[in-house]
Amino acid sequence: MAAAAPALPVSLSGRFKGSFAYFTIKDRLPQILTRVIDTLHRHKNEFFEEHGIDVQIGTFVLRLFQKGVEAEKRAISFLSKLRNELQTDKPVTPLEDELPDAALWNQYLDYQRNLSNGNGEPSWFQSPWLFVECYMYRRIHAALAQNPPIDNFDVFKEGKAQNFFESQEAVIGLCTYFQELLKNIKDLDEKQLQEELFKLLQVSLWGNKCDLSFSAGEDSSQKSSPLQSLENMVPYILVNDMEKLWSLLVNAKKNRTESNVRVDIILDNAGFELVSDLVLADFLLSSKLADEIYFHGKSIPWYVSDTTKHDFNWTLKQLQSANHMWMSRCGINWEGNLKKGVWVFCDHMFWTLPHDFSSMGGVAPDLYAELQMSNLLLFKGDLNYRKLTGDRKWEYTVPFHQALNKFHPAPLCSLRTLKSDTQVGLKPGQGEQIQASEPDWMSSQESHDHVLLDISVTKEQMNHYQTAAETAQSELAALSVKYDCGQYT
Ligand SMILES: O=P(O)(O)OC[C@@]1(O)O[C@H](CO)[C@@H](O)[C@@H]1O
Ligand SMILES: [Mn+2]
(Lines give C-alpha, C1' and ligand atoms only; values in the text may rest on other atoms or scores of the structure.)
(Ligands and ions follow the chains in the order given, each with its own letter.)
Protein backbone atom coordinates (compact mmCIF):
# COMPACT_ATOMS: atom_id res chain seq x y z
CA MET A 1 0.00 0.00 0.00
CA ALA A 2 1.65 3.27 -1.08
CA ALA A 3 2.17 5.72 1.77
CA ALA A 4 -0.48 8.45 1.79
CA ALA A 5 0.81 11.72 0.38
CA PRO A 6 1.57 14.17 3.22
CA ALA A 7 -1.23 16.70 3.78
CA LEU A 8 -0.77 19.98 1.94
CA PRO A 9 -0.03 23.03 4.12
CA VAL A 10 -2.57 25.86 4.29
CA SER A 11 -2.78 28.48 1.55
CA LEU A 12 -1.27 31.92 2.04
CA SER A 13 -4.12 34.27 2.93
CA GLY A 14 -4.97 37.74 4.18
CA ARG A 15 -6.51 36.04 7.23
CA PHE A 16 -2.94 35.77 8.57
CA LYS A 17 -2.47 39.32 9.92
CA GLY A 18 1.04 40.64 9.38
CA SER A 19 1.65 38.29 6.46
CA PHE A 20 2.78 39.64 3.08
CA ALA A 21 -0.57 38.50 1.73
CA TYR A 22 -2.35 40.63 4.35
CA PHE A 23 -0.34 43.77 3.48
CA THR A 24 -0.83 43.16 -0.22
CA ILE A 25 -4.62 42.89 0.06
CA LYS A 26 -4.90 45.70 2.62
CA ASP A 27 -2.54 48.23 1.02
CA ARG A 28 -1.12 47.33 -2.38
CA LEU A 29 -4.14 45.98 -4.22
CA PRO A 30 -6.24 49.09 -3.40
CA GLN A 31 -3.27 51.23 -4.56
CA ILE A 32 -3.18 49.33 -7.85
CA LEU A 33 -6.96 49.80 -8.29
CA THR A 34 -6.64 53.53 -7.55
CA ARG A 35 -3.91 53.83 -10.19
CA VAL A 36 -6.16 52.06 -12.70
CA ILE A 37 -9.00 54.49 -11.96
CA ASP A 38 -6.63 57.46 -12.29
CA THR A 39 -5.40 56.07 -15.63
CA LEU A 40 -8.97 55.97 -16.94
CA HIS A 41 -9.60 59.53 -15.73
CA ARG A 42 -6.42 60.69 -17.46
CA HIS A 43 -7.51 59.13 -20.75
CA LYS A 44 -10.94 60.77 -20.70
CA ASN A 45 -10.07 63.18 -23.52
CA GLU A 46 -8.57 60.38 -25.60
CA PHE A 47 -11.78 58.42 -25.22
CA PHE A 48 -13.74 61.57 -26.03
CA GLU A 49 -11.67 62.32 -29.14
CA GLU A 50 -11.43 58.73 -30.29
CA HIS A 51 -15.02 57.65 -29.72
CA GLY A 52 -17.09 60.80 -29.92
CA ILE A 53 -18.95 61.62 -33.15
CA ASP A 54 -19.01 65.21 -34.41
CA VAL A 55 -22.25 66.46 -35.90
CA GLN A 56 -22.10 69.84 -37.74
CA ILE A 57 -25.25 71.94 -37.28
CA GLY A 58 -24.79 75.32 -38.97
CA THR A 59 -21.70 76.77 -37.36
CA PHE A 60 -22.06 74.48 -34.37
CA VAL A 61 -20.23 71.17 -33.98
CA LEU A 62 -22.02 68.90 -31.57
CA ARG A 63 -20.19 65.97 -30.04
CA LEU A 64 -22.90 63.32 -29.91
CA PHE A 65 -22.99 59.82 -28.52
CA GLN A 66 -20.15 60.37 -26.10
CA LYS A 67 -19.80 56.65 -26.14
CA GLY A 68 -16.18 56.67 -25.05
CA VAL A 69 -16.80 58.98 -22.12
CA GLU A 70 -19.91 57.08 -21.01
CA ALA A 71 -17.99 53.82 -21.17
CA GLU A 72 -15.14 55.35 -19.16
CA LYS A 73 -17.61 56.47 -16.49
CA ARG A 74 -19.14 53.01 -16.27
CA ALA A 75 -15.73 51.34 -16.03
CA ILE A 76 -14.69 53.73 -13.26
CA SER A 77 -17.85 52.99 -11.28
CA PHE A 78 -17.23 49.22 -11.72
CA LEU A 79 -13.69 49.67 -10.38
CA SER A 80 -14.68 51.95 -7.49
CA LYS A 81 -17.26 49.38 -6.41
CA LEU A 82 -14.60 46.65 -6.65
CA ARG A 83 -12.21 48.69 -4.51
CA ASN A 84 -14.90 49.15 -1.86
CA GLU A 85 -15.69 45.41 -1.83
CA LEU A 86 -11.99 44.68 -1.37
CA GLN A 87 -11.42 47.22 1.38
CA THR A 88 -14.49 46.13 3.34
CA ASP A 89 -13.82 42.39 2.95
CA LYS A 90 -17.11 41.78 1.11
CA PRO A 91 -17.89 38.32 -0.31
CA VAL A 92 -16.25 37.45 -3.63
CA THR A 93 -19.11 37.52 -6.16
CA PRO A 94 -19.60 35.37 -9.28
CA LEU A 95 -18.51 36.90 -12.58
CA GLU A 96 -21.49 38.14 -14.59
CA ASP A 97 -19.76 38.81 -17.88
CA GLU A 98 -19.95 36.69 -21.02
CA LEU A 99 -16.18 36.28 -21.39
CA PRO A 100 -15.02 32.76 -22.35
CA ASP A 101 -13.41 31.96 -19.00
CA ALA A 102 -16.30 33.17 -16.77
CA ALA A 103 -17.70 29.66 -16.23
CA LEU A 104 -14.29 28.33 -15.13
CA TRP A 105 -13.94 31.24 -12.70
CA ASN A 106 -17.40 30.65 -11.22
CA GLN A 107 -16.71 26.91 -10.88
CA TYR A 108 -13.57 27.83 -8.97
CA LEU A 109 -15.55 30.20 -6.75
CA ASP A 110 -17.93 27.31 -5.95
CA TYR A 111 -14.91 25.15 -5.16
CA GLN A 112 -13.63 27.79 -2.74
CA ARG A 113 -17.10 28.08 -1.17
CA ASN A 114 -17.16 24.30 -0.57
CA LEU A 115 -13.60 24.39 0.80
CA SER A 116 -14.63 26.86 3.45
CA ASN A 117 -17.25 24.21 4.35
CA GLY A 118 -19.84 26.61 5.57
CA ASN A 119 -17.46 29.03 7.30
CA GLY A 120 -18.97 31.91 5.39
CA GLU A 121 -18.68 33.10 1.83
CA PRO A 122 -15.29 33.37 0.11
CA SER A 123 -14.06 36.89 0.80
CA TRP A 124 -11.02 39.04 0.15
CA PHE A 125 -9.27 38.62 3.51
CA GLN A 126 -10.53 35.12 4.37
CA SER A 127 -9.92 33.29 1.07
CA PRO A 128 -6.56 32.20 -0.38
CA TRP A 129 -4.42 35.18 -1.47
CA LEU A 130 -3.74 33.66 -4.88
CA PHE A 131 -7.47 33.39 -5.61
CA VAL A 132 -8.50 36.91 -4.57
CA GLU A 133 -5.49 38.59 -6.19
CA CYS A 134 -6.10 36.84 -9.53
CA TYR A 135 -9.81 37.61 -9.14
CA MET A 136 -9.07 41.32 -8.79
CA TYR A 137 -7.18 41.40 -12.10
CA ARG A 138 -9.97 39.46 -13.79
CA ARG A 139 -12.56 41.96 -12.48
CA ILE A 140 -10.40 44.84 -13.77
CA HIS A 141 -10.41 43.15 -17.18
CA ALA A 142 -14.21 42.75 -17.02
CA ALA A 143 -14.65 46.44 -16.12
CA LEU A 144 -13.06 47.33 -19.47
CA ALA A 145 -14.22 44.38 -21.58
CA GLN A 146 -17.88 45.03 -20.68
CA ASN A 147 -17.71 48.68 -21.71
CA PRO A 148 -17.15 49.11 -25.43
CA PRO A 149 -15.72 51.08 -27.13
CA ILE A 150 -12.94 51.08 -24.49
CA ASP A 151 -13.13 47.27 -24.18
CA ASN A 152 -9.66 46.75 -25.69
CA PHE A 153 -7.92 49.43 -23.64
CA ASP A 154 -5.00 48.03 -21.60
CA VAL A 155 -5.01 50.00 -18.34
CA PHE A 156 -1.43 48.86 -17.64
CA LYS A 157 0.10 49.64 -21.05
CA GLU A 158 1.58 53.01 -20.00
CA GLY A 159 3.44 51.47 -17.09
CA LYS A 160 4.79 48.65 -19.25
CA ALA A 161 5.91 51.08 -21.97
CA GLN A 162 7.49 53.38 -19.39
CA ASN A 163 9.44 50.45 -17.93
CA PHE A 164 10.77 49.65 -21.41
CA PHE A 165 11.80 53.23 -22.19
CA GLU A 166 13.34 53.85 -18.78
CA SER A 167 15.34 50.63 -19.06
CA GLN A 168 16.91 51.72 -22.35
CA GLU A 169 20.47 51.82 -21.00
CA ALA A 170 20.12 48.25 -19.75
CA VAL A 171 18.45 47.14 -23.00
CA ILE A 172 21.23 48.70 -25.08
CA GLY A 173 23.87 47.15 -22.83
CA LEU A 174 22.30 43.71 -23.09
CA CYS A 175 21.65 43.81 -26.86
CA THR A 176 25.20 45.08 -27.49
CA TYR A 177 26.70 42.36 -25.28
CA PHE A 178 24.64 39.70 -27.01
CA GLN A 179 25.36 40.79 -30.57
CA GLU A 180 29.10 40.86 -29.77
CA LEU A 181 28.74 37.35 -28.32
CA LEU A 182 26.99 36.14 -31.47
CA LYS A 183 29.96 37.22 -33.63
CA ASN A 184 32.10 34.38 -32.29
CA ILE A 185 29.57 32.01 -30.79
CA LYS A 186 30.66 29.26 -33.17
CA ASP A 187 34.20 29.37 -31.72
CA LEU A 188 33.08 28.97 -28.10
CA ASP A 189 33.87 25.63 -26.46
CA GLU A 190 31.42 23.86 -24.15
CA LYS A 191 32.82 25.52 -21.02
CA GLN A 192 32.53 28.97 -22.56
CA LEU A 193 28.98 28.26 -23.75
CA GLN A 194 28.07 27.15 -20.24
CA GLU A 195 29.48 30.38 -18.79
CA GLU A 196 27.46 32.48 -21.23
CA LEU A 197 24.31 30.54 -20.50
CA PHE A 198 24.81 31.07 -16.78
CA LYS A 199 25.29 34.79 -17.31
CA LEU A 200 22.13 35.16 -19.40
CA LEU A 201 20.11 33.02 -17.00
CA GLN A 202 21.10 35.40 -14.21
CA VAL A 203 20.25 38.44 -16.32
CA SER A 204 16.82 36.94 -16.97
CA LEU A 205 16.52 36.12 -13.28
CA TRP A 206 17.41 39.66 -12.17
CA GLY A 207 15.20 41.07 -14.89
CA ASN A 208 12.35 39.72 -12.77
CA LYS A 209 12.96 42.45 -10.21
CA CYS A 210 11.45 44.89 -12.73
CA ASP A 211 7.83 44.22 -11.79
CA LEU A 212 5.15 46.87 -11.45
CA SER A 213 2.60 44.87 -9.48
CA PHE A 214 5.16 44.35 -6.75
CA SER A 215 6.04 48.04 -6.71
CA ALA A 216 2.29 48.79 -7.00
CA GLY A 217 3.05 50.69 -10.17
CA GLU A 218 6.05 52.67 -8.86
CA ASP A 219 8.99 52.83 -11.25
CA SER A 220 10.87 49.55 -11.29
CA SER A 221 12.85 49.91 -14.52
CA GLN A 222 16.32 48.44 -14.86
CA LYS A 223 18.64 51.44 -14.86
CA SER A 224 22.14 50.03 -15.11
CA SER A 225 23.47 47.27 -17.35
CA PRO A 226 22.75 44.05 -15.43
CA LEU A 227 25.81 42.28 -16.82
CA GLN A 228 28.12 44.44 -14.73
CA SER A 229 26.52 43.53 -11.44
CA LEU A 230 26.07 39.76 -11.80
CA GLU A 231 29.17 38.89 -9.76
CA ASN A 232 28.15 40.80 -6.64
CA MET A 233 24.59 39.49 -6.89
CA VAL A 234 25.64 35.83 -6.68
CA PRO A 235 25.55 35.77 -2.84
CA TYR A 236 21.83 36.60 -3.03
CA ILE A 237 20.99 33.48 -5.03
CA LEU A 238 19.20 31.20 -2.55
CA VAL A 239 18.97 28.04 -4.66
CA ASN A 240 21.21 27.67 -7.68
CA ASP A 241 20.63 24.64 -9.91
CA MET A 242 22.26 26.07 -13.04
CA GLU A 243 24.60 23.07 -13.30
CA LYS A 244 21.57 20.73 -13.45
CA LEU A 245 19.97 22.97 -16.06
CA TRP A 246 23.14 22.81 -18.14
CA SER A 247 23.38 19.00 -18.02
CA LEU A 248 19.68 18.72 -18.82
CA LEU A 249 20.15 20.82 -21.99
CA VAL A 250 23.39 19.06 -23.02
CA ASN A 251 21.75 15.64 -22.55
CA ALA A 252 18.68 16.71 -24.50
CA LYS A 253 20.97 17.80 -27.33
CA LYS A 254 22.91 14.50 -27.24
CA ASN A 255 19.70 12.42 -27.04
CA ARG A 256 18.11 14.45 -29.81
CA THR A 257 16.60 11.80 -32.05
CA GLU A 258 14.32 12.95 -34.86
CA SER A 259 12.50 15.50 -32.66
CA ASN A 260 13.81 18.99 -32.03
CA VAL A 261 15.01 20.22 -28.67
CA ARG A 262 12.23 22.48 -27.49
CA VAL A 263 12.39 24.98 -24.62
CA ASP A 264 9.25 26.72 -23.35
CA ILE A 265 9.53 30.06 -21.53
CA ILE A 266 6.49 30.88 -19.44
CA LEU A 267 6.91 34.65 -19.50
CA ASP A 268 6.39 37.13 -16.75
CA ASN A 269 6.85 40.89 -17.05
CA ALA A 270 7.10 43.04 -20.18
CA GLY A 271 9.76 45.74 -20.41
CA PHE A 272 13.36 44.90 -19.57
CA GLU A 273 12.50 41.44 -18.24
CA LEU A 274 10.94 40.47 -21.59
CA VAL A 275 14.05 41.66 -23.48
CA SER A 276 16.24 39.57 -21.16
CA ASP A 277 14.04 36.53 -21.89
CA LEU A 278 14.26 37.13 -25.65
CA VAL A 279 18.06 37.37 -25.45
CA LEU A 280 18.16 34.11 -23.46
CA ALA A 281 15.90 32.48 -26.08
CA ASP A 282 18.10 33.69 -28.94
CA PHE A 283 21.19 32.38 -27.15
CA LEU A 284 19.57 28.93 -26.71
CA LEU A 285 18.89 28.86 -30.46
CA SER A 286 22.18 30.39 -31.67
CA SER A 287 24.23 28.08 -29.44
CA LYS A 288 22.22 25.15 -30.83
CA LEU A 289 21.30 24.10 -27.29
CA ALA A 290 17.69 24.30 -28.52
CA ASP A 291 15.96 24.19 -31.89
CA GLU A 292 12.66 25.88 -31.05
CA ILE A 293 11.38 28.19 -28.32
CA TYR A 294 7.73 28.52 -27.26
CA PHE A 295 6.80 31.67 -25.36
CA HIS A 296 3.71 31.64 -23.14
CA GLY A 297 2.19 35.06 -22.45
CA LYS A 298 -1.07 36.28 -20.95
CA SER A 299 -4.30 36.57 -22.95
CA ILE A 300 -5.50 39.59 -20.89
CA PRO A 301 -3.71 42.42 -19.03
CA TRP A 302 -2.44 40.78 -15.83
CA TYR A 303 -0.61 41.68 -12.60
CA VAL A 304 0.17 45.16 -13.99
CA SER A 305 3.30 44.24 -15.94
CA ASP A 306 2.75 40.73 -17.30
CA THR A 307 3.36 40.26 -21.03
CA THR A 308 0.42 40.09 -23.45
CA LYS A 309 0.67 39.28 -27.16
CA HIS A 310 0.39 43.03 -27.84
CA ASP A 311 3.30 43.74 -25.46
CA PHE A 312 5.38 41.01 -27.13
CA ASN A 313 4.84 42.37 -30.65
CA TRP A 314 5.15 45.99 -29.48
CA THR A 315 8.54 45.24 -27.91
CA LEU A 316 9.85 43.66 -31.14
CA LYS A 317 8.66 46.69 -33.13
CA GLN A 318 10.29 49.12 -30.66
CA LEU A 319 13.59 47.27 -30.93
CA GLN A 320 13.45 47.18 -34.73
CA SER A 321 12.80 50.91 -34.97
CA ALA A 322 15.36 51.88 -32.30
CA ASN A 323 18.14 54.14 -33.50
CA HIS A 324 20.67 51.73 -32.07
CA MET A 325 22.28 49.19 -34.38
CA TRP A 326 22.31 46.25 -31.97
CA MET A 327 18.81 46.84 -30.65
CA SER A 328 17.38 46.91 -34.15
CA ARG A 329 19.50 43.90 -35.16
CA CYS A 330 17.95 41.95 -32.27
CA GLY A 331 14.42 43.08 -33.17
CA ILE A 332 14.86 42.10 -36.83
CA ASN A 333 16.36 38.70 -36.00
CA TRP A 334 13.62 37.94 -33.48
CA GLU A 335 10.80 38.82 -35.84
CA GLY A 336 12.53 36.53 -38.33
CA ASN A 337 12.53 33.68 -35.80
CA LEU A 338 8.78 34.07 -35.36
CA LYS A 339 8.19 34.09 -39.10
CA LYS A 340 10.40 30.98 -39.53
CA GLY A 341 8.38 29.28 -36.80
CA VAL A 342 11.41 28.50 -34.63
CA TRP A 343 9.86 30.90 -32.12
CA VAL A 344 6.16 30.58 -31.30
CA PHE A 345 4.04 32.83 -29.08
CA CYS A 346 1.07 31.28 -27.27
CA ASP A 347 -1.38 32.70 -24.74
CA HIS A 348 -3.62 30.01 -23.28
CA MET A 349 -6.37 31.31 -20.96
CA PHE A 350 -5.23 28.95 -18.20
CA TRP A 351 -2.36 31.29 -17.30
CA THR A 352 -4.87 33.94 -16.22
CA LEU A 353 -7.14 31.64 -14.19
CA PRO A 354 -6.81 31.41 -10.38
CA HIS A 355 -5.82 27.72 -10.41
CA ASP A 356 -2.38 26.66 -9.27
CA PHE A 357 -0.49 24.49 -11.75
CA SER A 358 -1.29 21.18 -10.03
CA SER A 359 -4.82 21.62 -11.53
CA MET A 360 -3.61 22.14 -15.12
CA GLY A 361 -3.94 18.49 -16.14
CA GLY A 362 -7.63 18.51 -15.22
CA VAL A 363 -8.60 22.08 -16.15
CA ALA A 364 -6.49 22.55 -19.30
CA PRO A 365 -5.39 19.10 -20.55
CA ASP A 366 -4.61 20.62 -23.96
CA LEU A 367 -2.07 23.00 -22.41
CA TYR A 368 -0.63 20.23 -20.23
CA ALA A 369 -0.14 18.03 -23.30
CA GLU A 370 1.46 20.96 -25.11
CA LEU A 371 3.96 21.45 -22.28
CA GLN A 372 4.73 17.71 -22.30
CA MET A 373 6.24 18.24 -25.75
CA SER A 374 8.98 20.38 -24.23
CA ASN A 375 12.47 19.37 -23.09
CA LEU A 376 12.58 22.19 -20.55
CA LEU A 377 10.04 24.62 -19.09
CA LEU A 378 11.44 27.89 -17.77
CA PHE A 379 8.92 29.56 -15.46
CA LYS A 380 9.67 33.25 -14.91
CA GLY A 381 8.74 35.22 -11.83
CA ASP A 382 7.12 35.10 -8.46
CA LEU A 383 3.49 34.55 -9.45
CA ASN A 384 4.45 31.51 -11.53
CA TYR A 385 6.48 30.24 -8.57
CA ARG A 386 3.48 30.72 -6.31
CA LYS A 387 1.28 28.78 -8.76
CA LEU A 388 3.92 26.04 -9.14
CA THR A 389 4.03 25.52 -5.37
CA GLY A 390 0.31 26.13 -4.74
CA ASP A 391 0.91 29.38 -2.82
CA ARG A 392 1.09 27.46 0.45
CA LYS A 393 2.88 27.89 3.79
CA TRP A 394 5.51 25.23 3.07
CA GLU A 395 8.47 24.49 5.34
CA TYR A 396 11.55 26.10 3.78
CA THR A 397 13.30 22.72 3.37
CA VAL A 398 10.49 20.95 1.53
CA PRO A 399 11.96 19.81 -1.81
CA PHE A 400 10.77 21.90 -4.79
CA HIS A 401 9.76 18.67 -6.48
CA GLN A 402 7.36 17.81 -3.63
CA ALA A 403 5.86 21.32 -3.57
CA LEU A 404 4.95 20.90 -7.26
CA ASN A 405 2.28 18.49 -6.02
CA LYS A 406 2.53 16.15 -9.05
CA PHE A 407 2.74 18.92 -11.67
CA HIS A 408 5.36 17.39 -13.97
CA PRO A 409 4.58 17.89 -17.68
CA ALA A 410 8.31 18.15 -18.41
CA PRO A 411 11.60 19.05 -16.70
CA LEU A 412 11.08 22.53 -15.28
CA CYS A 413 12.99 25.38 -13.77
CA SER A 414 11.80 28.47 -11.89
CA LEU A 415 13.66 31.76 -12.33
CA ARG A 416 12.19 33.88 -9.57
CA THR A 417 12.89 36.95 -7.50
CA LEU A 418 11.41 36.28 -4.09
CA LYS A 419 8.48 38.68 -3.67
CA SER A 420 6.08 36.72 -1.51
CA ASP A 421 6.37 34.75 1.70
CA THR A 422 6.53 31.27 0.28
CA GLN A 423 9.80 29.46 -0.17
CA VAL A 424 10.90 25.82 -0.60
CA GLY A 425 14.02 23.94 -1.57
CA LEU A 426 16.32 25.48 1.02
CA LYS A 427 19.01 23.64 2.95
CA PRO A 428 18.37 22.94 6.66
CA GLY A 429 18.91 26.17 8.61
CA GLN A 430 19.26 28.36 5.48
CA GLY A 431 15.87 30.06 5.87
CA GLU A 432 16.35 30.62 9.59
CA GLN A 433 19.84 32.05 8.94
CA ILE A 434 18.45 34.63 6.50
CA GLN A 435 15.53 35.35 8.84
CA ALA A 436 18.04 36.12 11.60
CA SER A 437 19.97 38.54 9.38
CA GLU A 438 16.98 40.07 7.60
CA PRO A 439 13.81 39.53 9.69
CA ASP A 440 11.52 40.86 6.97
CA TRP A 441 13.29 39.10 4.08
CA MET A 442 9.96 37.69 2.88
CA SER A 443 7.65 40.54 3.59
CA SER A 444 9.08 43.83 2.41
CA GLN A 445 10.13 45.10 -1.00
CA GLU A 446 13.50 46.50 0.11
CA SER A 447 14.93 43.17 1.12
CA HIS A 448 13.66 41.31 -1.89
CA ASP A 449 17.05 40.81 -3.46
CA HIS A 450 16.85 37.11 -2.82
CA VAL A 451 16.40 35.09 -5.91
CA LEU A 452 15.65 31.51 -6.46
CA LEU A 453 16.95 29.39 -9.26
CA ASP A 454 15.32 26.02 -9.11
CA ILE A 455 14.97 22.86 -11.16
CA SER A 456 12.39 20.31 -10.11
CA VAL A 457 13.95 17.47 -12.04
CA THR A 458 16.58 15.18 -10.65
CA LYS A 459 18.73 13.34 -13.22
CA GLU A 460 17.11 9.91 -12.83
CA GLN A 461 13.77 11.36 -13.90
CA MET A 462 15.16 12.52 -17.22
CA ASN A 463 14.47 9.13 -18.85
CA HIS A 464 10.93 9.17 -17.54
CA TYR A 465 10.35 12.48 -19.28
CA GLN A 466 11.71 11.21 -22.58
CA THR A 467 9.07 8.46 -22.70
CA ALA A 468 6.39 10.82 -21.38
CA ALA A 469 7.16 13.20 -24.23
CA GLU A 470 6.77 10.33 -26.74
CA THR A 471 3.39 9.25 -25.38
CA ALA A 472 2.23 12.86 -25.26
CA GLN A 473 3.07 13.15 -28.96
CA SER A 474 0.14 10.83 -29.82
CA GLU A 475 -2.18 12.48 -27.25
CA LEU A 476 -1.32 15.92 -28.57
CA ALA A 477 -2.46 14.94 -32.06
CA ALA A 478 -5.92 14.39 -30.59
CA LEU A 479 -5.82 17.66 -28.68
CA SER A 480 -4.22 19.96 -31.20
CA VAL A 481 -7.58 20.86 -32.73
CA LYS A 482 -8.58 22.24 -29.36
CA TYR A 483 -5.53 24.36 -28.72
CA ASP A 484 -3.31 25.62 -31.48
CA CYS A 485 -0.37 27.41 -29.88
CA GLY A 486 -0.89 30.80 -31.50
CA GLN A 487 1.28 31.36 -34.55
CA TYR A 488 2.94 34.74 -35.00
CA THR A 489 0.59 37.26 -36.56
O1 LIG B 1 5.24 37.32 -11.00
P2 LIG B 1 6.03 38.55 -10.63
O3 LIG B 1 5.80 39.66 -11.63
O4 LIG B 1 7.49 38.26 -10.37
O5 LIG B 1 5.47 39.09 -9.24
C6 LIG B 1 4.09 39.13 -9.01
C7 LIG B 1 3.85 39.93 -7.74
O8 LIG B 1 4.35 41.21 -7.91
O9 LIG B 1 2.48 40.04 -7.47
C10 LIG B 1 2.23 39.62 -6.16
C11 LIG B 1 2.24 40.78 -5.18
O12 LIG B 1 1.03 41.49 -5.37
C13 LIG B 1 3.34 38.69 -5.83
O14 LIG B 1 3.12 37.46 -6.37
C15 LIG B 1 4.48 39.27 -6.57
O16 LIG B 1 5.00 40.21 -5.69
MN1 LIG C 1 4.48 39.70 -13.21
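Ligands are counted one by one from 1 in listed order, and the atoms in each one are counted from 1 as well. Residue numbers start at 1 and run along the sequence shown. Any value given below was found using the heavy atoms of this structure, including those in side chains, with hydrogens, waters and symmetry copies removed.
- Cation-pi check for R386 over W129 is met; the charged atom lies under 6.0 angstrom from the ring centroid and within 45 degrees of its normal.
- For the pair R262 and Y294, the cation-pi criterion (under 6.0 Å, within 45° of the ring axis) is fulfilled.
- In this structure, R416 forms a cation-pi arrangement with Y385, its terminal cationic atom sitting closer than 6.0 Å to the ring centre and no more than 45° off the ring axis.
- The contact set between ligand 1 and N269, taken as ligand atoms under 4.0 Å from a residue heavy atom, comprises 3 (O).
- W334 is linked by a side chain to side chain donor-acceptor pair (under 3.5 Å) to D282, counting only residues two or more places apart in sequence or in another chain.
- Counting heavy atoms closer than 4.0 Å to ligand 1, residue L383 contributes atoms from both its backbone and its side chain.
- If you look at R28 next to ligand 1, the close heavy atoms, those under 4.0 Å, all belong to the side chain.
- The T24 neighbourhood of ligand 1 comprises atoms 12 (O), with distances under 4.0 Å to a heavy atom of that residue.
- Near D268, the atoms of ligand 1 lying under 4.0 angstrom from a non-hydrogen atom of the residue are 1 (O), 2 (P), 3 (O), 4 (O).
- Of all atoms in ligand 1, listed by their number and element, those nearer than 4.0 Å to a heavy atom of N208 are 4 (O).
- Here the N, O or S atom of D268 that is nearest to the Mn ion (ligand 2) is OD1.
- Seen from the ring of F16, K393 counts as a face-on cation partner, given the 6.0 Å and 45° thresholds.
- Counting heavy atoms from C-beta on, the side chains of W326 and L174 never come closer than 4.5 Å.
- In D306, the N, O or S atom that comes nearest to the Mn ion (ligand 2) is OD1.
- Around CZ of F165, the count of heavy atoms belonging to other residues, nucleotides or ligands within 6.0 Å exceeds 12.
- The Mn ion (ligand 2) lies at 2.8 Å or more from every N, O or S atom belonging to N208.
- By the 4.0 Å N-to-carboxylate-O rule, D38 lies too far from R35 to be salt-bridged with it.
- With a heavy-atom cut-off of 4.0 Å, L29 does not touch ligand 1 at all.
- Of all the listed residues (K387, R386, K419, E133), R386 holds the heavy atom that lies closest to atom 14 (O) of ligand 1.
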